[in-house]
Amino acid sequence: LTTGTYYLLYTSGGNSGTEDETETLSVSLEGSDCTDTIEITVPAENSLDSDEDCEEDYQDVESDDWYAETVCRLTEAGYVEGRVQYSSYSLFYPSDEITKAEVLKLISLILLDMDESDASGGSSDFTDPNLTTEWFYWAVINTEDEDVIRTRDAGTIGNFNSNITRGELAVYIARALGLTSYSFDIEYSDVDEDDWFAYAVALLSRTDDEYVKDMPYDGTDEELPVLEGYSDGTFEPYDEINRAEALTMIYRAYQVYIAE
């Protein structure tokens, strides 16, 4: 190498929730023998573990909304984005429902730490029409491989573009975390012990150290479970969950069971 300006290509890796980004860094070398130390500062990857202030701004998410921090963190880390994008702002639509496909993508990336590359060469036992050409096929492969979704549950049609219910999401999260128990207490009036999702709802509602290593911090001293019911003592497991609720459950699961 001789004296001059050179360009290095840096490809960011890791599961930031977005495609790899390639950046060009300019480096000037002083002296023909190139013995000087070259110091290169590479931007830090997006991460859910960041303790910096979150500044993502959606026109329909207020800073004091109970889900604002979650939406902001997952947006900055590249896992989610607004549903409507304008030149100067975007809308998140936190009260909209969320599909099974969207949830499986988030579970694969956040809870399983598996991205599209992990599904390379893989296949699925689900037989939904045109499934192999869907944008989320890689997430189906990953979550099926990790036993989050199962054809033996309800057959080989996954209906991944349908909205997911609160009970279904609880089971998906519990499976992704490897949680299981044949002994549990139900605290919701509309969840029976025989319900297929009962164990997941029970375990993810707990706050004691027997099941969790730490509790997420929300600006108070209150220990929060991964999921919560309603003030009337119900969980409404068959209701379709909205985007804000689903993201909160997945983010809390990450904070409680995975984050360092």
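- Using bins of under 30°, 30° to 60° and over 60° for the plane-to-plane angle, the ring pair F235/Y188 lands in the tilted bin.
- Side-chain polar atoms of T248 and E245 form no donor-acceptor pair below 3.5 angstrom.
- Checked by atom type, the side-chain pair E144/S124 shows a donor-acceptor distance below 3.5 Å.
- Between E97 and R243 there is no salt bridge, since no side-chain N of the basic residue sits under 4.0 Å from a carboxylate O of the acidic one.
- Side-chain contact between F184 and R206 is absent, with no heavy atoms from C-beta onward closer than 4.5 Å.
- Note on R175 versus D153: salt bridge recorded, some NZ/NE/NH1/NH2 to OD/OE distance being below 4.0 Å.
- Looking at T143 and Y172, their side chains never bring a donor and an acceptor atom within 3.5 Å of each other.
- The side-chain heavy atoms of C72 and Y67, taken from C-beta on, include no pair separated by under 4.5 Å.
- Atoms CD and CG, on E81 and L74 in that order, are 12.5 Å from each other to the nearest 0.5 Å.
- Shortest non-hydrogen contact noted between V80 and Y58 is O-OH, 4.3 Å.
- Contact between E168 and N163 at its shortest, heavy atoms only, is OE1-O, 4.3 Å.
- Between K105 and D115 there is no salt bridge, since no side-chain N of the basic residue sits under 4.0 Å from a carboxylate O of the acidic one.
- The aromatic rings of Y238 and F197 lie perpendicular to each other, with more than 60° between the two planes, well past the 30° mark.
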